[in-house]
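All residue numbers in this chain count up from 1 along the given sequence.
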Amino acid sequence: MGSAVVIGASGGIGRALTEQLAATGRFDAVHGLSRARAALPEGVRWHRAELTDETSLAEAAAAVAAEGEVSLVIVASGLLHGPGGKLAR
């Protein structure tokens, strides 16, 4: 059926989504993209992806694409903004 990709896999919602997707067995692979490596469920393939870094996004996308067709992408990420609308780090 192809792969599933969860962007923001290290957060609470993203991690829960990767757990559910991996448990279904419906996908050839489940990929979790996040800034930091998280304790993802067994079998979930982690790729570093920093939303403010175009290079890391391109590298993560290339790694996922190299493994075959993607049939589901879920964006479960968020960006925190500080005073003046600047991204908080």
Do the side chain of Ser56 and the main chain of Arg48 share a donor and acceptor less than 3.5 angstrom apart?
no

Residue pairs fulfilling ring-ring contact (aromatic ring centres under 6.0 Å, His included) with at least one residue in residues 36-57, sequence neighbours excluded
His31-His47

Spacing of CE belonging to Met1 relative to CG belonging to Leu72, to within rounding of 0.5 Å
7.5 Å

Per the salt bridge (Lys or Arg N to Asp or Glu O under 4.0 Å) rule, what does the pair list look like for residues 11-28, sequence neighbours excluded?
Arg15-Glu19

Where do Ser10 and Ala36 come nearest, in terms of heavy atoms and distance?
CB-O, 3.8 Å

Of all heavy-atom pairs linking Gly32 and Leu40, the shortest is CA-CD1, 4.3 Å

Kindly write out the residues that satisfy side chain to side chain contact (heavy atoms under 4.5 Å, CB included) with Leu57, not counting sequence neighbours, or none if the list is empty.
Ala49, Leu51

For Ile13, the side chain to side chain contact (heavy atoms under 4.5 Å, CB included) test, sequence neighbours excluded, returns Leu17, Ala76

Please name all residues satisfying side chain to side chain donor-acceptor pair (under 3.5 Å) with Gln20, sequence neighbours left out, ordered by chain then number.
none

Quick check: is [Y] connected to [X] through a chain of hydrophobic side chains (ILVMFWY, heavy atoms under 4.5 Å apart)?
X	Y	value
Ile74	Val44	yes
Val64	Val75	yes
Val73	Val30	no

Would you list the pairs meeting side-chain hydrogen bond (donor to acceptor under 3.5 Å, both in side chains) in which at least one residue belongs to residues 61-74, sequence neighbours left out?
Arg45-Glu67

